[in-house]
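Okay, structure first, notes after.
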Amino acid sequence: MNLAQAASGYRKVVEENRKLYNLVQDLKGSIRVYCRVRPAFGTVKKPSCVDCLDEGTMAVITPGKGGKDTRKNFTFNRVFGPSATQSLVYVDTQPLIRSVLDGYNVCIFAYGQTGSGKTFTMTGPDAFSEETMGVNYRSLNDLFEIQQQRRGMINYEVCVQMLEIYNEMVRDLLSADGASKKYPFYGYSCLFDIHLSLSVV
Ligand SMILES: Nc1ncnc2c1ncn2[C@@H]1O[C@H](COP(=O)(O)OP(=O)(O)OP(=O)(O)O)[C@@H](O)[C@H]1O
């Protein structure tokens with residue numbers, strides 16, 4: 001077998017591996033919903049109204065009269081309890097980062113009421129370290145690592161946009177004249193009409 005044949009065979013195996021990898025991600029569910037319960041703060045003395053039952057189920061307890069509490073169970077792809085670390089929370093998300101570099105669209109977002117831990121999960125706390133950093137930084141690290149591993153075979157250009165939607169206004173966070181770069185927000189489709197600053201990283 002000559003070198004050209006060997007290289008062609010190798011490329012086929014790599015391509016097959018890529019397809020199978022992304023098929024597994026699809027089969028695990030193209031929409032996954034995780035629940036993270038943040039720890040109660042030191043000053044809170046009342047028992048928690050949230051109970052993590054198992055890896056995929058949690059209960060919300062509503063106190064009733066005469067000690068008759070009602071419990072409602074909710075099922076997720078996975079439930080992370082108050083002691084879950086940042087790295088544990090990232091484990092299920094990590095494989096999707098490789099899918100991004102294989103040409104798949106991936107969206108990861110945090111949703112929850114104020115103070116529930118969205119920033120903590122996605123960015124990390126102020127006391128920032130390798131252990132405490134959140135999903136965004138971990139994802140970027142992985143993107144750059146895979147980019148390095150594939151260097152010479154595939155060249156990737158990584159760009160970022162950052163925007164904030166607040167009080168029905170879209171604000172371009174990477175614009176030098178940020179204060180003036182505000183657009184009215186009319187819904188999802190309006191984001192495509194707005195030309196936000198694109199920064200190559
Ligand atoms: N898993 C966690 N472990 C320890 N502390 C946490 C955890 N999740 C959140 N916190 C702390 O709880 C507080 C509120 O969290 P955070 O700011 O992330 O909430 P948020 O959902 O982003 O709120 P907002 O919508 O108001 O911006 C912060 O002090 C944060 O450090």
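Just so it is clear, the structure is predicted and the values come from calculations on it, not from any experiment. Note that ligands are numbered from 1 as they come in the structure, with each ligand's atoms numbered from 1 the same way. We number each residue from 1, following the sequence as shown.
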CA sep, side-chain torsions, deciding dist, call: Arg78, Asp92, salt bridge (Lys or Arg N to Asp or Glu O under 4.0 Å): CA-CA 9 Å; Arg78 186 146 177 206; Asp92 276 31; 3.8 Å; yes
If you count every heavy atom of other residues, nucleotides or ligands that lies below 6.0 Å from Glu164 atom CD, does the total exceed 12? yes
4.0 Å protein heavy-atom contact status of atom 28 (C) of ligand 1, strictly under: no
The answer for which part of Ser116 has a heavy atom under 4.0 Å from ligand 1 is both
Is Pro39 touching ligand 1 with its side chain, its backbone, both, or neither, if touching means heavy atoms under 4.0 Å apart? side chain
Please determine if Phe41 has a nitrogen or oxygen closer than 3.5 Å to a nitrogen or oxygen of ligand 1. no
When only distance counts, is Gly117 in polar contact with ligand 1, meaning an N/O pair under 3.5 Å? yes
For Arg36, the atoms of ligand 1 under 4.0 Å from one of its heavy atoms are 1 (N)
Looking only at side chains, do Asp172 and Ser197 share a donor and an acceptor under 3.5 Å apart? yes
Test item: Tyr104 and Gln25 side chains (from C-beta on) under 4.5 Å apart, heavy atoms: no
Among all protein heavy atoms in this structure, tell me which lies nearest to atom 26 (O) of ligand 1, with the distance rounded to 0.1 Å. Thr114 OG1, 2.3 Å
Taking atom types as modelled, is there a side-chain donor on Arg98 or Tyr21 under 3.5 Å from an acceptor on the other? no
Tell me if the CE atom of Met169 is crowded by more than 12 foreign heavy atoms within 6.0 Å. yes
Met122 heavy atom under 4.0 Å from ligand 1: no
Check: Gly115 N/O within less than 3.5 Å of ligand 1 N/O: yes
